[in-house]
Every structure is written in structure tokens, then in C-alpha cells.
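Notes follow the structure.
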Amino acid sequence: MPKKSKNPLTALAAGCVAGGIEATCVWPMEYIKTQLQLQSQAKGAKLPFNGMISGLSYTIRTTGFFSLYRGLAPTLIGSGPKAGIRFGLNSAIREKLRDGNGNLSPAKNFVAGMCAGVSEALIIVAPVETVKTKCIELNSPFVKGFQHIIRTEGIRGIYMGAAPTAMKQGSNQGLRFMWFNEYKRIVTDDGQRPLTPIMGLFGGMSAGCFSTLGNNPFDVAKTRMQGSMASQYTGMFDCFRKILANEGVGALYAGVIPRLGRVVPGQGIIFMSFETIQSYLENNFAIFAI
């Protein structure tokens with residue numbers, strides 16, 4: 001039977017590396033998704049593009065290929081620690097929730113993932129996502145985007161949208177870890193067979209699809225509350241109310257196709273990378289084999 005590490009340090013280290021790999025690979029999709037969500041369709045406003053392919057084409061044609069990577073710098077700064085916190089905390093919480101036989105139910109996997117997601121949101125994701133969103137919306141580099149927030153909103157502006165971010169990340173990671181761990185249990189016959197990289201890839205992709213369809217409204221609210229027009233909303237529920245009143249329920253699924261285009265391969269990459277790196281660390285470094 002493959003070794004099952006109970007050392008959260010292993011998950012922390014593997015998650016840090018996997019997070020950086022995943023963020024870099026799929027960033028253009030995240031860029032287009034954020035642009036679509038920032039564009040209000042109220043009162044007949046016309047968008048410069050309306051989908052992933054047209055968004056990629058429009059951006060490259062008007063501002064150049066490398067503008068697709070606007071906002072990547074703050075995300076890379078946070079992606080390693082964010083994924084490390086996510087996988088490390090999830091591992092630690094899962095160990096605490098095991099029953100007397102060492103088993104975990106899907107509900108417990110969801111709780112462990114949700115707690116890890118909320119923690120990463122409050123520690124890393126909220127400030128990084130706010131700066132990233134401003135950089136993309138203003139087409140500015142990281143330093144100028146950060147300066148704009150401090151100048152116009154103060155330090156408090158860095159944590160705009162913290163509540164929907166926490167709800168998004170909590171539900172995201174709860175759904176993803178619940179799905180992936182059940183998938184892993186089935187395809188490895190409860191750990192009797194090793195999880196191959198291709199199995200990890202498909203498991204992560206399916207987990208990404210499941211979580212995206214389940215919580216896109218929180219992602220839309222988070223993006224709106226972190227944009228330059230965030231002052232028009234008094235809070236998360238006011239944001240939901242105004243979107244529904246002015247744009248309809250369909251607006252809560254704005255950007256879902258490019259988000260799927262970014263999240264599905266991204267989660268396949270990060271789960272495959274995590275499982276592969278974790279196995280490598282356990283087999284080659286004594287500190288991780290405890």
C-alpha cells in the first residue's frame with residue numbers, strides 16, 4: 001500500500017510548489033474571466049468582447065500578448081503560500097477529523113477543505129485578489145495598482161470583498177477536496193494502488209468543474225466588490241441584490257466559461273503536481289517521511 005503521509009509539512013511544501021506552477025500555466029484565462037466579470041451589462045452597455053476566445057483575441061490585438069499577464073505578479077507572490085496553506089491545513093484538519101478506523105466521510109472532507117479555504121482567503125487571497133483585480137481593470141503593473149488602492153481607498157481597500165472571497169474560497173476548496181478525495185479513494189481502491197499522474201490530472205479537472213459550477217455567484221460578487229466601482233456596494237448581500245435587480249440572475253454566471261477554461265486545467269495541474277511532488281518529497285527527504 002502507498003505511504004500516506006501524516007506530516008502537514010509535506011503537504012505545505014508540495015502545495016507551495018504546485019501553486020506556482022498552476023498559476024503561471026493558466027493565468028491568461030483568469031485575466032479574461034476577471035475582465036468579463038468587471039464589465040457591467042446593465043442598461044445596454046456594450047462589451048468589447050463576450051467570451052474567452054474573443055477576449056484573448058481582443059486583448060492581444062489592442063494591448064499586446066504580454067498584457068494577458070497583467071496582475072500575475074501579485075498572484076505569484078501569494079500563490080505559493082496560498083496553496084501551501086490550503087494543502088497543509090487541509091491535511092492537518094483531515095487528520096483531526098478521522099474516525100477510530102482512520103476513515104473520513106465526504107462531509108468531513110468538505111469541512112476540512114472549507115476551513116482551509118477560508119483560512120487561505122483571509123490570510124492571502126483577499127489582499128492579493130484585490131490588487132490583481134485593480135491591475136487588470138486599470139491595465140496597470142503591480143506597483144501602480146497597489147499605489148492606486150492606497151491613494152484612493154487607503155489600507156482598508158486592500159481587504160475589499162473579504163467576505164465574498166472567504167465564502168468563495170471556503171466553498172471552492174470544500175467542494176474540490178470532497179470531490180477529489182472521494183475520486184482518489186475510488187480509483188486507488190482505498191489506497192491499494194498508487195495514484196498515477198494522469199489519474200491526478202483527471203481527478204483535479206473534474207473537481208475544478210464541480211466547484212466552479214457550484215460557486216460562480218460568489219466569484220462574481222467578489223470580483224465586483226474588489227473592482228474600482230466597489231464603493232457602490234455596501235456589502236456582499238447588497239452586491240448580490242443590485243446585480244440581480246439591474247442585470248438579472250444570468251449576470252451571477254458571468255465569466256463562467258472562461259473560468260472553467262482556467263479552473264478545470266488549473267486544478268488538474270495543481271492536484272497532479274501536488275500528488276507527484278508530495279510523493280517525491282516523502283521518498284527522497286527524511287524530514288517529509290515522518
Side-chain angles (χ1 to χ4, degrees), residues 2-27 30 72-98 102 104 108-129 132 162 165-166 168-185 188 191 194-197 199-201 203-204 207-208 211 263 266-290:
K3 289 186 293 184
K4 293 184 178 180
S5 175
K6 295 184 179 180
N7 182 1
L9 181 62
T10 309
L12 176 68
C16 283
V17 178
I21 294 171
E22 181 265 344
T24 303
C25 287
V26 299
W27 184 254
E30 176 69 13
L72 176 59
T75 298
L76 273 181
I77 291 170
S79 62
K82 177 180 76 171
I85 289 170
R86 179 196 316 157
F87 282 99
L89 271 179
N90 178 70
S91 176
I93 295 169
R94 289 178 75 237
E95 292 305 320
K96 297 293 184 183
L97 293 177
R98 291 187 187 277
L104 282 165
K108 288 183 177 180
N109 274 316
F110 177 82
V111 170
M114 181 182 66
C115 291
V118 170
S119 298
E120 71 166 313
L122 298 179
I123 296 170
I124 299 288
V125 179
V128 168
E129 286 281 303
K132 177 213 77 174
T165 299
K168 174 206 166 185
Q169 289 301 112
S171 57
N172 248 348
Q173 304 312 330
L175 292 170
R176 287 174 188 170
F177 278 112
M178 178 181 70
W179 180 283
F180 185 81
N181 285 313
E182 282 301 296
Y183 166 89
K184 183 178 178 180
R185 181 184 63 80
T188 64
L195 185 76
T196 65
M199 288 179 179
L201 177 67
S211 66
V263 170
Q267 290 307 302
I269 291 168
I270 198 169
F271 274 103
M272 177 183 67
S273 300
F274 171 78
E275 293 289 337
T276 302
I277 294 166
Q278 179 176 245
S279 178
Y280 177 81
L281 292 175
E282 289 172 350
N283 292 329
N284 292 276
F285 299 92
I287 189 175
F288 296 117
I290 299 172

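No donor-acceptor pair closer than 3.5 Å links the side chain of Thr24 to the backbone N or O of Ile21. No donor-acceptor pair under 3.5 Å is formed between the side chain of Tyr183 and the backbone N or O of Gly204. In terms of modelled atom types and a separation under 3.5 Å, the side chain of Ser79 and the main chain of Leu76 share a donor-acceptor contact.
Rounding to the nearest 0.5 angstrom, the gap separating the NZ atom in Lys82 from the OG atom in Ser119 is 14.0 Å. Remark: Cys16 SG to Arg86 CZ distance equals 10.5 Å, nearest 0.5 Å. Put simply, CZ on Arg94 and SG on Cys115 are 13.0 Å apart, with the number rounded to the nearest 0.5 Å. Note that the CD1 atom of Ile287 and the CD atom of Glu282 stand 13.0 Å from one another [nearest 0.5 Å]. Note that CZ of Phe285 and CG of Asn283 are 11.0 Å apart. Values are rounded to the nearest 0.5 Å. Here the straight-line distance linking atom CG of Asn172 with atom CE of Met114 works out to 13.0 Å at 0.5 Å rounding.
Taking both residues in full, the closest heavy atoms of Ala116 and Leu89 are given as CB-CB, 4.0 Å, listed atom of the first, atom of the second, then distance. For the pair Gly15 and Ala83, the tightest heavy-atom approach, listed with the atom from each and the gap, is O-CB, 2.9 Å. Residue Leu122 comes nearest to Ala166 through the heavy atom pair CD2-CB, 4.2 Å, listed as atom of the first residue, atom of the second, then distance. In terms of heavy atoms, Ile269 sits closest to Cys25 at CD1-CB, 3.8 Å. Between Ala121 and Pro127, the shortest heavy-atom contact is O-CD, 4.4 Å. Of all heavy-atom pairs between Ser273 and Ala18, the closest is CB-CB, 3.7 Å.
Two residues are said to be in side-chain contact when any heavy atoms from C-beta on lie closer than 4.5 Å; Thr165 and Lys168 fail this criterion. The closest side-chain heavy-atom distance from Phe87 to Leu12 is not below 4.5 Å. Using a 4.5 Å heavy-atom cutoff, the side chains of Ile124 and Ile85 are in contact. Using a 4.5 Å heavy-atom cutoff, the side chains of Glu275 and Lys184 are in contact. By the 4.5 Å heavy-atom criterion applied to side chains, Asn90 and Gln173 are not counted as neighbours.
Applying the salt bridge (charged side-chain N to carboxylate O under 4.0 Å, His left out) test to residues at least two apart or on different chains, the pairs with a partner in residues 173-183 are Glu182-Arg185.
In this view, Phe180 and Phe271 satisfy the ring-ring contact (aromatic ring centres under 6.0 Å, His included) rule, not counting sequence neighbours. A search for salt bridge (charged side-chain N to carboxylate O under 4.0 Å, His left out) contacts involving Lys108 returns nothing, not counting sequence neighbours.
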- Message: The test is side-chain contact (heavy atoms from CB on, under 4.5 Å); show your working for Leu104 and Asn181 and say whether it passes.
- Response: CA-CA 9 Å; Leu104 282 165; Asn181 285 313; over 6 Å; no
- Mind running ring-ring contact (aromatic ring centres under 6.0 Å, His included) on Tyr280 and Phe288 for me, showing each step along the way? CA-CA 10 Å; Tyr280 177 81; Phe288 296 117; 9.8 Å; no
